[in-house]
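Some notes on the structure that comes next.
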Amino acid sequence: MPGAYTGPLEKVGPCQWKIPRSYREDMRVDGLIFADDTLIEQIRRDQGPEQVANVATLPGIQRASLAMPDIHWGYGFAIGGVAATDPEQGGVISPGGVGYDINCGVRLLRSDLSWDDARPHIKRLVDQLYRDIPTGVGQSGRYSFRPDELSELMSKGSSYVVDRGWGAPRDLEFTEAGGRLDDARPDLVSPRAFARGADQCGTLGSGNHFLEVQVVDRVIDDQAAGVMGLREGMVTLLIHSGSRGLGYQVCDDHLAMFRDAPQKYGFTLPDRQLACAPVLSPEGQSYLGAMRAAANYAWCNRQLLTHQARLVFERIFGESWAALGLDLVYDVAHNIAKFEDHDVGDDLRKSLCVHRKGATRAFPPGHPEIPRKYHEIGQPVIIPGSMGTASWVLAGQAGSMAQSFGSSCHGAGRMMSRTAAIKLADGRRIDKELDAMGIIARARGHKGLAEEQPAAYKDVDQVVEVVDSVGISKKVARLRPVGVIKG
DNA sequence: ATGTCC
């Protein structure tokens, strides 16, 4: 893990820190990090800010290279970064700006179960979830798709699995982009990626992926929470997963394809991991088509995880999931690139390629791309905390369009490398520590739990406070975990 | 994040 950032960070607002374009000759725009005084000290301990400056050198980048308060060092781009490029100005698309886990994201389900109803069954519930939902690296699941089926799945997204009976039509309405990016190109997904994806749809994966049973701990905005169906003391379910081995392979394949692109298209990069190609080049179009296919696969994955979890709830509580009110509040991507209309100054509005890597879309009230149900309150922004800590539901606000290309943060944000976290755990039984906090944890091994222990992450409450105070999304409700399954 | 090295 590289050392601390030593370059400039100018405080330009209560929660805004600028890396001026003058810092390096190759920067095309400023860097801008949203953080308070405490978080910025944690942020400058790794090379995340230098990566924000690196991204500011990309051809066609607009306004500024942005980072959320949960930013930390990642592959090429920092995790927690937002960058928008203009295709008409040679703007690039970069796999590193999306991340290896294409369309990693979270979905939140609400229920009519109160914690009082669920408490006597919680151990059985978590054990059954752990038995029935495949977790862990390389694991396959109960669903298997032939290549022709997988191709259709990647073209159609969530509607493919809903049409096969694994969900309800209403789930689609409450999934970002309806659970499907248009113009997906499964034909540009490699045979190797197909092979890895065939039996992994409907599996959780490992690392920070999890499925968590929670209780609404505190409601901050009564109106917004009411519209989302969230009330204090009610049980919720949070699912955090992505595109598994298929998305990883799509990313890897295209990083190799992009290796010589800078030379071919005549630009230089400060870091090879920023590998990218113009949006309007054959290489760029190939990645975008394959990325959309992988993104659609990830939505199918979360939809199948949802279906399996609903079946477990039905078995434990003896009622249909519909009767239990296990409805989808919303599903958001936090590793993705999308084309969206944004202001670029001088009253100009253009379609930009918005990279969000560890950042969540946070469209404001009235935005045409959010469900009608949420028009008055803004798009739900789901923020998973680290294991054993709170998660948050926020709602997108107008400030996101003005300041962050319609984006907000995505989680607590790692503060410690995985190896450092294992060292810190020093054999401590994290599952027993969680148990003492009233959280049942089930995982395949102790190592994964050590890597994900709360001390390895920033304080999610603090992160959320920043995005609330700068007006890009507002706090709606806080959720506390009562049971978690992990890979 | 990831069949944590094809």
Side-chain angles (χ1 to χ4, degrees), chain A residues 1 46 48 51 70-81 94-106 134-141 144 150 189-211 239-257 259 273 275 287 290-291 294-295 297-299 301-302 305 332-337 355-360 384 386-387 410-423 443-453 456-457 485-487:
Chain A
M1 192 81 150
D46 68 24
Q51 293 186 310
D70 49 338
I71 173 192
H72 61 100
W73 181 82
Y75 182 91
F77 288 57
I79 296 158
S94 175
V98 170
Y100 264 92
D101 190 5
I102 294 166
N103 190 5
C104 184
V106 277
T135 66
V137 66
Q139 282 300 303
S140 48
S144 183
L150 199 49
V189 171
S190 68
R192 203 159 154 196
F194 264 81
R196 294 181 72 169
D199 55 9
Q200 286 193 335
C201 208
T203 67
L204 197 57
S206 68
N208 63 359
H209 290 166
F210 63 78
L211 184 148
I239 296 171
H240 182 192
S241 189
S243 50
R244 311 287 288 100
L246 183 141
Y248 180 98
Q249 194 62 48
V250 165
C251 179
D252 220 33
D253 291 342
H254 284 83
L255 284 170
M257 182 194 287
R259 207 185 47 200
Q273 294 187 351
Y287 173 69
M291 182 212 71
Y297 179 94
W299 274 312
N301 185 35
R302 291 197 288 279
L305 289 165
V332 289
H334 54 224
N335 279 12
I336 205 161
H355 298 71
R356 296 194 180 95
K357 182 192 194 177
T360 310
S386 56
M387 182 182 64
H410 90 304
R414 200 164 257 289
M415 192 162 64
M416 197 180 282
S417 70
R418 292 182 183 281
T419 36
I422 291 168
K423 203 171 160 191
R444 293 180 82 83
H446 301 306
K447 193 172 136 229
L449 287 172
E451 287 176 351
E452 297 301 319
Q453 62 179 302
Y457 283 84
I485 71 167
K486 291 192 60 64

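Below, chains carry the letters A, B, ... as their sequence lines are ordered, and counting in each starts from 1.
A:Gly242 comes within 4.0 angstrom of nothing in the nucleic acid, heavy atoms only. Looking at heavy-atom distances under 4.0 Å, A:Glu451 makes no contact with the nucleic acid at all. Nucleic acid contact class of A:Ser206 (heavy atoms, under 4.0 Å, all strands): base. Within the nucleic acid shown, A:Gly99 has no heavy atom closer than 4.0 Å to any nucleic acid atom.
For the pairing with A:Tyr100, the side-chain contact (heavy atoms from CB on, under 4.5 Å) check across A:Leu255, A:Asn335, A:Val250 returns one residue only, A:Leu255.
For the pair A:Asp101 CG and B:dT2 P, the computed distance is 6 Å after rounding to whole Å. Per the geometry, OH belonging to A:Tyr100 stands 13 Å off P belonging to B:dT4, to the nearest Å. Whole-Å rounding puts the A:His240 NE2 to B:dT2 P distance at 10 Å. The interatomic distance linking A:Glu452 (CD) with B:dT4 (P) rounds to 18 Å, in whole Å. Note: OH (A:Tyr248) to C1' (B:dC5) measures 10 Å, nearest angstrom. Here B:dT2 presents its P atom at 12 Å from CG of A:Leu246, a figure rounded to the nearest Å. The NZ-C1' distance, from A:Lys447 to B:dT2, rounds to 12 Å in whole Å. The CG-C1' distance, from A:Asp253 to B:dC6, rounds to 13 Å in whole Å.
Between A:Phe77 and A:His355, the two ring planes are parallel [angle under 30°; tilted spans 30° to 60°].
When atom types are taken as modelled, the side chain of A:Gln453 and the backbone of A:Ala421 share a donor-acceptor pair closer than 3.5 angstrom.
Between A:Asp70 and A:His410, the side chains place a donor N or O and an acceptor N or O closer than 3.5 Å (distance only, hydrogens not considered).
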